[in-house]
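Treat the numbers as computed from the prediction; the structure is a model and nothing was measured. Lettering of chains follows the sequences in order, A, B, ..., and the numbering in each one begins at 1.
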2 protein chains.
Amino acid sequence: MRTGAPRRRRTLRDVADAVGVSVNTVSRALRGESGVSAESRETIRRAAERLGYVPNVHARSLVLGGPRTIGLVITNVSNPFYAELISAIEQRAAEEGYHIVLFLSEESTAREQAAAENVIRSGLDGVIVVPVQGETNPWPAVERAGIPLVVVNRRLDDLDVDTVATDNHAGAYAATSHVIAQGARSIVMLEEDLPITTIDQRIQGFRDALVDASLPLDDRQVIMVPTRRNDRAALPWQAGDAYRVTVDLLARGHRPDGCVVGNDYFALGLYRALRERGLRCPEDTLVVGFGDYPFAEFLEPPLSTVRLPAGEVGRAAVDRLMHRVNGAEPRSREVTLVPPELVTRRSTGS
Amino acid sequence: MRTGAPRRRRTLRDVADAVGVSVNTVSRALRGESGVSAESRETIRRAAERLGYVPNVHARSLVLGGPRTIGLVITNVSNPFYAELISAIEQRAAEEGYHIVLFLSEESTAREQAAAENVIRSGLDGVIVVPVQGETNPWPAVERAGIPLVVVNRRLDDLDVDTVATDNHAGAYAATSHVIAQGARSIVMLEEDLPITTIDQRIQGFRDALVDASLPLDDRQVIMVPTRRNDRAALPWQAGDAYRVTVDLLARGHRPDGCVVGNDYFALGLYRALRERGLRCPEDTLVVGFGDYPFAEFLEPPLSTVRLPAGEVGRAAVDRLMHRVNGAEPRSREVTLVPPELVTRRSTGS
DNA sequence: GTGAAAGCGCTAACAA
DNA sequence: TTGTTAGCGCTTTCAC
């Protein structure tokens with residue numbers, strides 16, 4: 001039980017006064033610099049301890065230059081893609097001597113807005129962001145505040161900004177072409193119902209592959225799985241929602257012989273729905289996922305999927321940001337597109 | 001192509017001199033405060049822009065008090081448990097007005113050491129850490145530097161420190177008792193070969209459950225899956241390694257009728273090994289996992305598993321840390337144990 | 001070995 | 001509306 005007013009934080013001055021030496025001496029003593037008698041050093045140390053002296057980082061940073069810090073604004077950590085992305089970014093940034101301040105937007109524009117404000121207020125040296133792409137776009141303001149920005153994994157078309165992303169169109173095109181090559185003719189695509197460029201581009205890749213193969217294209221072939229990202233932080237519902245959508249599809253009499261799904265969680269739900277209807281994969285329906293999540297290879301049947309280059313994307317984003325943080329040309333925005341890789345397994349008959 | 005020496009960073013002073021007003025006026029103009037004529041404001045803005053003036057955060061922080069920041073040192077983001085933990089911690093910390101600086105140790109003592117040094121150097125307000133528990137333990141030094149510390153998910157027995165963890169013993173005990181209740185008599189446990197308390201305690205829980213059920217206990221019932229965390233950041237090898245270990249086990253003629261595995265990835269490998277041998281789950285062998293990873297419910301058969309309270313643990317850790325950061329009793333360490341929850345599904349015959 | 005003084009770049013009181 | 005004066009808490013000359 002401590003009493004009294006929440007007293008002012010102790011400073012070097014307080015310690016100095018208590019011991020009866022100068023501020024300078026205390027500073028050097030506490031930092032272990034030479035040029036202080038062993039005796040006074042001890043006295044000072046003890047006084048500091050007793051008073052509960054804690055150095056003021058901001059004052060020190062002002063003189064010495066504080067740690068360099070970049071913000072990382074991610075929508076969701078539970079997505080294995082982002083997990084790998086974070087890991088790569090943290091590692092590369094650490095190599096460059098930068099700290100990472102993590103903000104989670106959870107696909108909410110409000111939280112994204114708050115993150116952007118914090119980035120500006122804290123004056124971070126730069127920021128890497130996976131934008132929510134909702135009604136609002138707080139990132140131009142960050143650019144205007146002079147904070148270098150790199151957008152990752154999604155495109156911000158209304159903002160002329162450095163971007164590093166997966167080539168989702170190519171990924172979806174390759175996946176779709178693959179199931180066509182394996183004999184599928186009636187193909188559906190399942191995508192999460194999020195208004196983001198990532199998904200737009202995948203849908204386009206799907207369509208282009210069908211068209212290029214001279215297969216008929218019907219809008220109903222692209223099925224949107226309602227998103228729930230706004231409700232929950234984690235994503236465990238993804239498999240369940242894909243399951244329900246697929247059950248519904250099958251109940252209406254559809255019998256696709258090929259399925260391209262927007263992420264590997266969806267494939268889990270799809271597998272279950274197919275099993276329950278007595279449909280076999282790959283005999284009756286080929287399935288290809290997106291992400292190559294750690295479980296994909298161990299499903300029954302092992303899941304063909306588009307492996308996303310999360311590590312590469314992350315490292316490229318840091319490199320790009322470092323470039324600008326270190327004062328390189330203020331105006332030369334570029335878009336880096338990293339190609340994904342199709343991994344074929346038994347779910348597509350390989 | 002820019003020439004000349006890497007010139008000093010611009011300050012308010014520079015802008016003020018350029019325009020011919022006082023530093024103060026520039027400050028207020030740039031911050032959009034009232035009490036500056038629209039005219040000079042524009043002039044000042046333009047001059048600042050032209051000179052490439054960027055405010056010095058450290059100086060501002062010194063005056064205003066910078067953002068409060070806590071460090072979060074995690075071993076691995078690819079583990080869904082940690083993903084949820086990070087999410088919960090970030091959210092709760094944000095509510096309290098704190099930023100999160102993320103350090104990834106990847107189960108490497110070297111990186112953990114570096115993280116600890118950075119925490120001290122940066123003078124963070126506090127730190128939440130999942131310790132590596134290797135040869136070295138850099139955390140006492142952090143405590144000594146006066147930085148409040150909360151250990152999460154593992155116990156640091158040689159350090160008297162606030163700890164928030166899952167009750168792993170209880171989880172393993174419950175899981176094991178459950179498969180016993182479901183009829184298993186010859187039970188094995190698969191655990192990752194990491195020298196951490198988490199795993200020690202689970203093994204103990206497993207043993208205690210067997211003993212309490214008067215079942216024979218043999219050291220070979222606990223099978224260690226070699227870890228590879230030191231090589232790779234992500235964890236996609238976990239399923240594969242568990243697979244190999246299980247194949248080996250079955251090849252040696254063992255036929256356990258119950259398996260308790262240390263994480264749900266292991267269950268994936270186990271499932272495959274059983275399938276290949278023509279063993280059925282749950283008919284021939286009951287399986288229970290740890291983690292309730294997002295895919296667990298959608299495996300075939302759906303996986304019984306111990307759901308870990310990652311969110312609760314994370315929030316409790318932040319609360320505990322806030323307590324100390326806000327200057328509460330310096331010496332009253334406590335260990336909070338959050339109970340996990342057994343989720344029974346068809347893999348144990350439910 | 002120690003202290004006095006200056007200054008890091010900014011904001012805030014108070015004058016003018 | 002603007003400028004002057006004081007710090008914020010620390011490190012760093014440079015005397016003594």
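Picking from D:dC10, C:dT11, D:dT2 the nucleotide with the shortest atom distance to the side chain of B:V63 gives C:dT11. Comparing D:dT4, C:dT2, D:dT11 by their nearest atom to the side chain of B:N24 picks out D:dT4. Each of D:dT11, C:dC10, C:dG1 was ranked by its minimum atom distance to the side chain of A:S37; first place goes to C:dG1. Considering only the side chain of A:S27, D:dT11 comes nearest among C:dT11, D:dC10, D:dT11. With distances taken from any side-chain atom of A:S22 to the nucleotides D:dG3, C:dC10, C:dA4, the minimum falls on C:dA4. Nearest to the side chain of B:L62, among D:dC8, D:dT12, D:dC10, sits D:dC8.
Nucleotide D:dG7 holds its P atom 20 Å from the CG atom of B:L12, rounded to whole Å. Between the P atom of C:dC10 and the CG atom of B:D17 lies a distance of 12 Å, rounded to the nearest Å. Separating the OH atom of B:Y53 from the P atom of C:dG9 is a distance of 10 Å, rounded to the nearest angstrom. Taking atom CZ on A:R10 and atom C1' on D:dC10, their separation rounds to 18 Å, with Å as the unit. Residue A:R28 contributes atom CZ, which lies 9 Å from atom C1' of D:dT12 at whole-angstrom precision. Atom CD of A:E42 and atom C1' of C:dG1 are 17 Å apart (whole Å). Rounded to a whole Å, the CG atom of B:N56 is 8 Å from the C1' atom of C:dC10. For B:L30 and C:dG9, the CG to C1' distance is 13 Å, given to the nearest whole Å.
A salt bridge is absent between A:R68 and A:E96; no separation between the charged side-chain nitrogens and carboxylate oxygens falls under 4.0 Å. With salt bridges taken as basic N to acidic carboxylate O contacts below 4.0 Å, none links A:D319 and A:R315. Salt bridge A:E33/A:R41: absent, no basic N to carboxylate O contact under 4.0 Å. In this structure, B:E117 does not pair ionically with B:R111, as no charged nitrogen and carboxylate oxygen lie closer than 4.0 Å. Contact check on B:E95 versus B:R92 returns a salt bridge, with a Lys/Arg side-chain nitrogen under 4.0 Å from an Asp/Glu carboxylate oxygen.
When each of B:A59 and B:R41 is assigned the nucleotide of DNA chain D bearing its nearest heavy atom, the one mapping closer to the 5' terminus is B:R41.
The side chain of A:T11 contributes no N or O atom lying less than 4.0 Å from OP1 or OP2 of D:dC8. Taking side-chain N and O atoms only, B:R60 has a distance below 4.0 Å to OP1 or OP2 of C:dT11. An OP1 or OP2 oxygen of C:dC10 is reached within less than 4.0 angstrom by no side-chain nitrogen or oxygen of B:S61. OP1 or OP2 of C:dG3 has at least one side-chain nitrogen or oxygen of A:T25 nearer than 4.0 Å. Here A:R31 reaches the OP1 or OP2 of D:dT11: one of its side-chain N or O atoms lies under 4.0 Å away.
If you run side-chain contact (heavy atoms from CB on, under 4.5 Å) between B:F103 and each of B:V129, B:L72, B:N118, only B:N118 comes through.
Residue contacts shown for B:V36 are limited to sugar-phosphate atoms, with no base heavy atom under 4.0 Å away.
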